[in-house]
2 protein chains.
Amino acid sequence: MTEQISGFVPHDHHHCITSALDTAADQCRERGVQFTPVRKRVLEILLEAHTAMGAYDVLARLDAEGLGSKPPVAYRALSFLVEQGFAHRIEKLNAFVACSHPAATHSPAFMICRSCNTVAEADMPETFGAPAEQAGFTIEKTVIEAEGICQNCKDSE
Amino acid sequence: MTEQISGFVPHDHHHCITSALDTAADQCRERGVQFTPVRKRVLEILLEAHTAMGAYDVLARLDAEGLGSKPPVAYRALSFLVEQGFAHRIEKLNAFVACSHPAATHSPAFMICRSCNTVAEADMPETFGAPAEQAGFTIEKTVIEAEGICQNCKDSE
DNA sequence: AAGGCAGTGTTATAGTATAACAAGTGCGCA
DNA sequence: TGCGCACTTGTTATACTATAACACTGCCTT
């Protein structure tokens, strides 16, 4: 399955955008949370960008569309999306990216190309199992990010 | 070996500070880079704190001692320490922590206790091996951080 | 109608980080 | 000796990232 790591392979953006939006809307309905216009639009912006965006980049888009011009508007929507698992925060970049497989609950891992800035998501369960157990440490959230260079960029050097 | 994950166990701070400073000094000599007073003092501050510190916390200490009062002074020293592997940046906290085993070249992983803020370092090689290879992605740096609660804090709840 | 809750709008400010340039220091070499 | 070079530090200014706090709205409930 190359599906698992979709970041670096070309694919049908339009389809993955509408399908991700639909999934998100469904999950919001199931969970009894609101998929408001701002929240939906922010997710859409992230999906369209198809890469990690800073909160202020997102905000600039919102502003251009009259959906909000002040930082909290963007940060609130982004926080919501991250809480619901529709987007992820990339700590290393202080940026946000739409989730590649919003249906699954996962602890995601990211590969960040320093050349083209693409962010690919992979599932990496169990990473901390052994050392954490050894230390009696109970894990609640993990951040797993790798910076490097992707095949495409490597090829064109 | 509990040595491997030393963050949460009590130990001789004075010894680990002087020994880490000596190691750093040795490595600087070997590598032909300068272990200047500011750099040394910043490492010492991190070692004394024995937890992650923000750049501005470090800067406040430097300022109190007349070693520098402007952000770039702290950031430069911290960047140097991170480059040389004497300290690590914790992305999730926007903070820095002294390296627990400065002699080894490693790709470190951290466990961050959200209760006592202790940061424990473990070595976690190979984390990204399979998915990265699969995607043709060449890894240059990794960020691996887990947030949770440590045994001590769990016990005292 | 009254009260509560979730979301949004806005002001203001806190916290994190770096670009750019000036100036000092040590060192090798003409 | 004195020049130039590499490196580090000092400083100003500013950019980028993030959140606290409070006002307002709409909607649902009692």
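With hydrogens and angles ignored, the 3.5 Å screen pairs a side-chain donor or acceptor of B:Arg39 with a backbone N or O of B:Gln34. Within the 3.5 Å criterion, the main-chain N or O of B:Glu140 finds no donor-acceptor partner in the side chain of A:Arg114. A donor-acceptor pair is defined here as one N or O able to donate and one able to accept, closer than 3.5 Å; such a pair exists between the side chain of A:Glu145 and the backbone of A:Glu91.
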> Where do A:Arg41 and A:Glu48 land on the salt bridge (charged side-chain N to carboxylate O under 4.0 Å, His left out) test, with the steps shown first?
Replying inline: CA-CA 10 Å; A:Arg41 185 60 190 132; A:Glu48 284 166 0; 3.5 Å; yes
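Regarding A:Asn94, its CG atom lies at a distance of 13 Å from the C1' atom of C:dT18, rounded to whole Å. In this structure, A:Lys40 atom NZ and C:dT8 atom C1' are separated by 19 Å, rounded to whole Å. Rounding to whole angstrom units, OH of residue A:Tyr75 and P of D:dT17 are separated by 7 Å. With rounding to whole Å, A:Ile90 atom CD1 is found 12 Å from D:dA18 atom P. One atom, NZ of A:Lys70, and another, P of C:dG9, lie 10 Å apart when rounded to the nearest Å. The CE-P distance, from B:Met53 to C:dA17, rounds to 14 Å in whole Å. The CG-C1' distance, from A:Asp63 to C:dT8, rounds to 15 Å in whole Å. Per the geometry, CD belonging to A:Gln34 stands 18 Å off P belonging to D:dT25, to the nearest Å.
Of the listed nucleotides (D:dA18, C:dT8, D:dA20), C:dT8 has the atom at the smallest distance from the side chain of A:Arg76. Listed candidates were C:dT10, C:dG7, C:dT8. Nearest to the side chain of A:Val38 is C:dT8.
As judged by a 4.0 angstrom heavy-atom cut-off over every strand, A:Leu67 is placed among residues touching the sugar-phosphate backbone only. Backbone-only contact: A:Arg39 has heavy atoms under 4.0 Å from sugar-phosphate atoms and none from a base.
The residue among B:Pro72 and A:Asp57 whose nearest nucleotide of DNA chain D is located toward the 5' end is B:Pro72. Remark on DNA chain C: of its neighbouring residues B:Leu93 and A:Ser69, the 5'-side contact belongs to A:Ser69, judged by nearest-heavy-atom nucleotide. Mapping B:Ser79 and A:Pro71 onto DNA chain C by nearest heavy atom places A:Pro71 at the nucleotide closer to the 5' end.
At C:dA17, one or more side-chain N or O atoms of B:Arg89 fall inside 4.0 Å of OP1 or OP2 (strictly under the cut-off).
Note on B:Leu47: it clusters hydrophobically with B:Phe35, by side-chain heavy-atom contacts below 4.5 Å among ILVMFWY residues.
Taking only distance into account, the side chain of A:Tyr56 meets the base of D:dA18 through a donor-acceptor pair shorter than 3.5 Å.
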